[in-house]
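Data first, discussion second: the structure below is written as structure tokens.
Quick note: residue numbers are just sequence positions, from 1.
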Amino acid sequence: MVDDLTMNNSGVSEPEPETMESIMEQIDSVNIHRGSVVEGTVVDAREDGWLVDVGYKCEGFLPRREWSHRAIVEKVGEPQVGDRIRVQVTNVGQGEEAQLNLSRWRCEFDERWNALEEKLAQSDVIEVEGIRKVKGGLIVDCCGLEGFIPISHLAEEGRGINPANLVGKTFPVKLVEKDRRKRRLVLSRRSILDEEMASLREEFYANVHEGDILEGEVSSITSFGVFVNLGAMEGLVHITELSWQRGAKAKDLVQKGDKVKVKVIGIDRENNRVSLSLKQAQEDPWVGVTSRWTVGQRTKGVVTNLADFGAFVEIEPGVEGLIHIGDLSWSRVKHPKEVLKKGQEVEVVILEVDGDRRRIGLGLKQLNDPWANVSEKYSKDQVVTVKVVRLADFGAFVEIEDGVEGLIHISQLSRQRVEKPSDVLREGQEVQAKILEVNPSEKRIRLSLRALEEPTGEERHEERREERRRRPAREDHGHSRQQGYVQQQEEFSFTIGDHLNLNR
């Protein structure tokens, strides 16, 4: 009663002292359950984890494996004693051995995933940052979570890119697939690029036409040509459009990243293809060729190609001429490779210039004409040693010296009747022949084997008779009688040996 009065009079009651029971009741009143996200203090560090005071009747244990997860982009280091951290309760033990299990990455994952969901609700385009290149694509930081972009979704359709080029760079992407339970994010950069490129292509097709000269950057070099980035799209410079020079190699003309000027020579809007030309953006070397080259002019060039019909020689960059097989040598040539080889430097003479048809005729044998002084070395009735080079139905062609050939007609092969030249001669055979005619202006020499053979008796008789016919007639009778007497004597000069030869 006194105590009650005393308390009523003073109006203040003294606090009751805390007991162990009251403290335990206060701890039990803290709402700790599985899934709770609480903040606590690291009170101890162990080899396998940390002890964290979260205000519960026992300290919680945070295993090292629960600190972070591969699905999270980690930006902080491991905690130290005294650090305040946020964790999620994964298990609450009961009884005397009650234990509180904690996890940090689970609550981090939930918060970051929720943030991602909010961003996707506002826009289907989100910003990511390249983290590292992996097999098949690129890992990116998406709202603190690791996302994956397949390599096929890194660049526009039909183009390739090295994922390492995007590491450390920020760029927009769109969501392809997400699975919270599997902690999986698949993103695409290509979808955004395709939309942007579609808009740029429409603008490109509206403003660019065949014949336009554009500037671009060499993006890749292949065996069949060069791809040039024009901004809105890529165009192909085929290997035949790289240079006016024959057989030019792409790697010798341009390097990746070079700025080049190209001419648009074809647009395929349906297949999004643009054909370009590097050489047509430059001056045509055939323009004014007739003013630079004239017939009879000598020059040096490089053999660029050999064909069955002749050899192509480049006499200036982009300008080629043809040495016909007949103008390679005064000797017979079966193939140009017998005289020249590809890449060889050779001196030639201009035989013909046709700028309209882009043709220049060249000569090699004209530099040294063996027929120039043939009349000084050979004359009629001269006996020479020749080599049979080829046989024809009408006779045999023989080589007198390098570049100088003559013909032995079939009628001059023998004093006997010859059906075909191969009955008397064979190719490669060396024989002696008598020159019947030398005509340097027409580059012709006629020869005979028959003239070197001894005539038969009948042939000698015929020759005498022919000689008598060619003798001039005399008017005086005395001479006529004398001529008749001589003729009579000659008629009786036919010997027995001649008769035997005739019968044979």
message: Can you tell whether the side chains of E419 and R417 come within less than 4.0 Å, N to carboxylate O?
response: yes
- prompt: Side chains of I265 and Q280: closer than 4.5 Å at any heavy-atom pair?
  reply: yes
message: Does any part of the side chain of S441, heavy atoms only, come nearer than 4.5 Å to the side chain of N439, both counted from C-beta?
response: yes
message: If you compare all heavy atoms of V388 against all heavy atoms of R426, which two are closest, and at what distance to 0.1 Å?
response: CB-O, 3.4 Å
query: Without hydrogens or angle criteria, can the side chains of W113 and E117 be said to hold a donor-acceptor pair below 3.5 Å?
result: yes
Under 3.5 Å donor-acceptor, S199 side chain and E196 backbone: no
task: Ignoring hydrogens and angles, state whether a donor on the side chain of E316 or W293 is under 3.5 Å from an acceptor on the partner side chain.
output: yes
- request: Might you point out which heavy atoms bring L367 and V349 nearest each other, and give the distance in Å?
  value: CD2-CB, 4.0 Å
- request: Would you mind checking if R269 and E202 are paired as a salt bridge, meaning a charged N to carboxylate O distance below 4.0 Å?
  value: yes
salt_bridge(E195, K174) N-O dist < 4.0 Å: yes
message: Pair K380, E437 - check salt bridge (charged side-chain N to carboxylate O under 4.0 Å, His left out), show working.
response: CA-CA 6 Å; K380 184 180 178 182; E437 179 190 7; over 6 Å; no
field: Spacing of CD1 belonging to I149 relative to SG belonging to C142, to within rounding of 0.5 Å
entry: 9.0 Å
field: Steps toward side-chain contact (heavy atoms from CB on, under 4.5 Å) verdict (I126, L116)
entry: CA-CA 9 Å; I126 52 178; L116 172 63; 3.8 Å; yes
message: Please determine whether a side-chain nitrogen of the Lys or Arg among E430 and K387 lies less than 4.0 Å from a carboxylate oxygen of the Asp or Glu.
response: no
- request: State whether the side chain of D258 and the backbone N or O of V254 hold a donor-acceptor pair below 3.5 Å, judged by distance alone.
  value: no
- prompt: With distance as the sole criterion, is a donor-acceptor pair present between the side chains of S379 and D381 under 3.5 Å?
  reply: no
Main-chain N/O of H209 paired with D212 side-chain donor or acceptor, under 3.5 Å: yes
query: Is it the case that more than 12 heavy atoms not belonging to K119 sit under 6.0 Å from its NZ atom?
result: no
task: Kindly compute the distance separating NZ (K279) from CG (L276), expressed to the nearest 0.5 Å.
output: 14.0 Å
- prompt: Are the side chain of D194 and the backbone N or O of S191 linked by a donor-acceptor pair below 3.5 Å?
  reply: no
- prompt: Does the R292 side chain pair with the main chain of W286, one donor and one acceptor, at a distance under 3.5 Å?
  reply: no
query: Which value, rounded to the nearest 0.5 Å, describes the distance between E217 atom CD and E215 atom CD?
result: 10.0 Å
field: R183 charged N/C atom sitting above F109 aromatic ring, 6.0 Å / 45°
entry: yes
- request: Starting from the C-alpha separation in whole Å, work towards a yes-or-no answer on side-chain contact (heavy atoms from CB on, under 4.5 Å) for I445 and I435.
  value: CA-CA 7 Å; I445 295 180; I435 296 177; 4.2 Å; yes
message: How about CD on Q382, more than 12 heavy atoms from neighbouring residues, nucleotides or ligands closer than 6.0 Å, or not?
response: yes
query: With no hydrogens and no angle check, is any side-chain donor or acceptor of R112 less than 3.5 Å from a backbone partner on G144?
result: yes
statement: Here the gap from L362 atom CG to L364 atom CG, rounded to the nearest 0.5 Å, amounts to 9.5 Å
- prompt: Under 3.5 Å, is there a donor-acceptor pair between the S219 and E234 side chains?
  reply: yes
field: Ion pair check, R359 and E320, cut-off under 4.0 Å
entry: no
Heavy atoms from other residues, nucleotides or ligands near CZ of R273 exceed 12 (cutoff 6.0 Å): no
field: Whether over 12 other heavy atoms sit under 6.0 Å from D179 CG
entry: yes
- prompt: Side chains of E314 and T304: donor-acceptor distance under 3.5 Å anywhere?
  reply: no
- prompt: Got more than 12 heavy atoms from elsewhere within 6.0 Å of NZ, K377?
  reply: yes
Worked verdict on S243 versus L278 for side-chain contact (heavy atoms from CB on, under 4.5 Å): CA-CA 7 Å; S243 173; L278 197 61; over 6 Å; no
query: Taking side chain as C-beta onward, heavy atoms only, is Q412 less than 4.5 Å from L436?
result: yes
Test item: I350 and I360 side chains (from C-beta on) under 4.5 Å apart, heavy atoms: yes
query: Can any side-chain N or O of N373 pair as donor or acceptor with the backbone N or O of E376 at less than 3.5 Å?
result: no
query: Should we count CZ of R180 as having more than 12 external heavy atoms under 6.0 Å?
result: yes
- request: Would you name the heavy atoms of S414 and R450 that are closest together and state the gap between them?
  value: O-CD, 3.7 Å
task: Taking the side chain as every heavy atom from C-beta outward, state whether K178 and L185 have any pair of such atoms under 4.5 Å apart.
output: yes
message: Give me the atom names and distance for the closest heavy-atom approach of V424 to L413.
response: CG1-O, 4.2 Å
query: Quick one: does K365's side chain have a donor or acceptor within less than 3.5 Å of a partner on G326's backbone?
result: yes
message: For a 4.5 angstrom cut-off between non-hydrogen side-chain atoms, does D308 reach H335?
response: yes
field: L187 side chain near F148 side chain, heavy-atom distance below 4.5 Å
entry: no
- prompt: Hey, does K169 have a side-chain heavy atom less than 4.5 Å from the side chain of E129?
  reply: no
query: Could you state the interatomic distance from CG (N272) to CE (M197), rounded to the nearest 0.5 Å?
result: 9.0 Å
- line: In short, V125 meets P172 closest at the heavy-atom pair CG1-CB, 3.7 Å
- request: Decide, yes or no, whether a salt bridge links E427 with R390 under the criterion of side-chain N to carboxylate O below 4.0 Å.
  value: no
query: So, the side chain of S448 versus the backbone of A451: is there a donor-acceptor pair under 3.5 Å, distance only?
result: yes
Heavy-atom closest contact (T170 atom, E127 atom, distance): CG2-OE1, 3.2 Å
- request: Starting from the C-alpha separation in whole Å, work towards a yes-or-no answer on side-chain contact (heavy atoms from CB on, under 4.5 Å) for M233 and Y205.
  value: CA-CA 10 Å; M233 58 195 308; Y205 291 134; 3.4 Å; yes
field: Between CG on residue L447 and CG on residue L449, distance to nearest 0.5 Å
entry: 8.0 Å
- prompt: Should we count CD of E177 as having more than 12 external heavy atoms under 6.0 Å?
  reply: yes
